[in-house]
Amino acid sequence: MFVNFFYTLRESGVPVSPTSFLRLQKALGGGLVTSLNDFYTAARTILVKSERYFDIYDRVFAHHFHGAELPDFRGVDLDTAARELLDEWLKNPDALAEALGISREKLQTMSPEELIKYFMDRLKEQNEAHHGGSRWIGTGGTSPVGHSGFHPGGMRVGGRSMGKSAIKVALDRRYKDYSMEGPLTEAQMGEALKRLRKMVPVGPKDRVNVEDTIRATTKNAGEIEIVFERSLRDRLKVILMIDNGGWSMDPYVDVVQTLFNYARSQFKDVKTFYYHNTIYDFVWEDPPRRYKPQKVEDLASRDPETRLIIVGDASMAPYELMATDGSIHIEERSGLPSIDRLHLLTKLFHRSVWLNPTPSRLWPMTRTIGIVANIFQMFELTLEGLDNAVTFLMRRN
Amino acid sequence: MHDQSNESVFSGASKYVLDEELAKIVNISIALEMPLLLKGEPGTGKTMLAHAIAESLKMPLLILNVKSSLKLIDALYQYDTLTRLNDSRFGDSKRDVSNIEEYIRMGKIGQSFVTDTKVVLLIDEIDKADTDFQDDMLDVLDQMEFDIMEIDKTTKARNRPVIIITSNAKKDLSDPFLGRCTFHHIAFPEPDMMRQIVRVHFQDLDKDLMDVCIKVFYKLREFQGIEKKPATRELLNWVRALMQDPDFRSKDLMLGKIPFLGILFKKSSDYQHAVQQSRRLRG
């Protein structure tokens, strides 16, 4: 059931897993869902795992079930409901024809009584569909009913009123605020980054070191001597610098976002800066590169053990890298060419890598990539490249 | 929900205002025997929900407060080596030193497995722990059993607890984790909902005062540059304070004179912002 709905969700970018879909079937089979409202809630809670996708879900739901309401035959006067609907529908014969899956010509030949009978027959099919069929009014026709013109509020076929109709709720798009950034999650990227850690003993001495305790106790002629130690914690510091300026990085926004997302959740201590094309006097803490500038020299005060990861395509006009006044921004022309800044960074942080989203086979085509790759160890921003970069960052000396 | 007995259907509690959608979600999660992951900004009642469920289903509530240093094993059980060492040295306790089982103490998850009755287990602020903890924990909750290595025994859950997990974080939890939970995001209550919430706590609150309070409260939440916005808890405390104050007149609020701002804004910088901006509310 609802296989199409499942695939529409997937195609719309909601990461729904087949397991969760099977779970939804279980919920449906268990008699938990008795109305479309229930279905809306159940499907969302089981299939959608982040509020970021709630808005997409609402839209897909509204699109998919627009004009359809799971009927509840218990104790409802269907005849009245059908008649009311029919009145409403007759204002728009095209939509009616489409919803019932018959041609407009045929519709015009039918009397209201015939229409109601036809409609009721379809409803009964629908009731069975609840337990395994596949035909739905509204979606029974192949083309989904458009967003405008046709019953903006959605319609109810019977069913006791339980507050708002699900479609109405879905059309409300209550969750649109959360759908802003939606990078695709690639668990493998997280796995690759997971190896980037440094375990150091921190905190209170609250762990018993059994080996040492035994040793100390025997030395003490059996008088118990307990040895405590600190527990190991990941204390790796990471600085991430991202090129977010100019059109040349645009195609790679997705993959960089994913990297950024994982970096944020993976590392306790990660600092992100932004720059445009290459690094001059400043990098910025805010993505628009306006409010929070950070002098590159001041990074010297940071722990030299910090791992520096620069992300950028390193593609620019050679003078931007080499000339003393290469920066587009006039206030940044302190006289030092960018290439000196890059050298400075490698001196400050001796474990640093440059991740380049352009495919490595294209690197020889751009001169500046070659120059930057001479300064920084450069890796391709792919899973494999990331893996190698992590290995490089974690090497001993 | 026709095949469920009434006692295991959740429908709200005495001090918790529940929206219908959330009730459905809770019931679905209970029926599917899946942990329910709740997200939402602080003050939307994530933790309170677990209390309400426990109250409504008349089950005991066990709370596991997650800390960043928490290890999964601590949540399951602890082998109290030190007491055992001490007992073996001095021998003045009634415990049998050669029986390790007497030195195994159950953690919160362990307790929820071995109790005789079905319990509600609240795992609060899961995002504080690292990813490994989260994944491993879900394995245990999925299997409903864990091994106690020291005595080579498997502890199986006698009753599957109702599990509620809360998270404050904006960032996502790992995919395997999410795959095993049902999910809901609690949005900040709308004014109407908030009115009901306040009503539940203060039955004898004057209607005019309520209207004014709610109106001002939502205005205060829109102030610029506030780091920690006042939430439900702050509103309730604030209303309580206003009711206690004999000098307070609800007209004052409309004039932009807002007493007890300190109850609503708890960071000193927020407080300063609020004082400045509240002057502009006048009129």
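The basis for the numbers below is simple: all heavy atoms, side chains too, and nothing from hydrogens, waters or symmetry mates. Letters A, B, ... mirror the listed sequences (proteins, then strands); counts begin at 1.
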*Residue by residue, which of residues 79-86 of chain B have a heavy atom closer than 4.5 Å to a heavy atom belonging to chain A?*
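Answer by number: B:Leu82, B:Leu85.
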
*asked:* In the structure I gave you, are the side-chain heavy atoms of A:Lys49 and B:Leu37 within less than 4.5 Å of one another anywhere?
replied: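 A:Lys49 does not reach B:Leu37 side chain to side chain.
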
*Compare all side-chain heavy atoms of A:Arg44 with those of B:Phe183 and state whether any distance is below 4.5 angstrom.*
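A:Arg44 vs B:Phe183: side chains apart.
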
_Which atom of B:Ile28 lies closest to which atom of A:Ala42, heavy atoms considered_ =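 In terms of heavy atoms, the two residues are closest at CD1-CB, 3.2 Å.
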
*Minimal non-hydrogen separation, B:Arg180 against A:Arg23, with atom names*: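 Result for this residue pair: CA-NH1, 4.1 Å.
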
Rounded distance (nearest 0.5 Å) linking atom [atom1] of [X] with atom [atom2] of [Y]:
| X | Y | atom1 | atom2 | result |
| --- | --- | --- | --- | --- |
| A:Ser50 | B:His185 | OG | NE2 | 8.5 Å |
| B:Glu21 | A:Thr41 | CD | OG1 | 5.0 Å |
| A:Phe39 | B:Lys24 | CZ | NZ | 12.5 Å |
| B:Met34 | A:Ile46 | CE | CD1 | 6.5 Å |

*Is the number of heavy atoms from other residues, nucleotides or ligands under 6.0 Å of A:Glu229 CD greater than 12?*
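Above 12, so yes.
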
*When you look at OH of A:Tyr7, are more than 12 heavy atoms from neighbouring residues, nucleotides or ligands closer to it than 6.0 Å?*
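Result for OH/A:Tyr7: open.
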
*Close contacts, residues 217-226 of chain A versus chain B, judged by heavy atoms under 4.5 Å*: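 Answer by number: A:Gly222, A:Glu223, A:Ile224, A:Ile226.
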
*Tell me, for A:Val48 versus chain B, whether the close heavy atoms (under 4.5 Å) come from the side chain, the backbone, both or neither.*
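Only the backbone of A:Val48 comes within 4.5 Å of chain B.
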
*At a heavy-atom separation under 4.5 Å, does A:Ser20 approach chain B through its side chain, its backbone, both, or neither?*
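Contact with chain B involves no heavy atom of A:Ser20 at all.
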
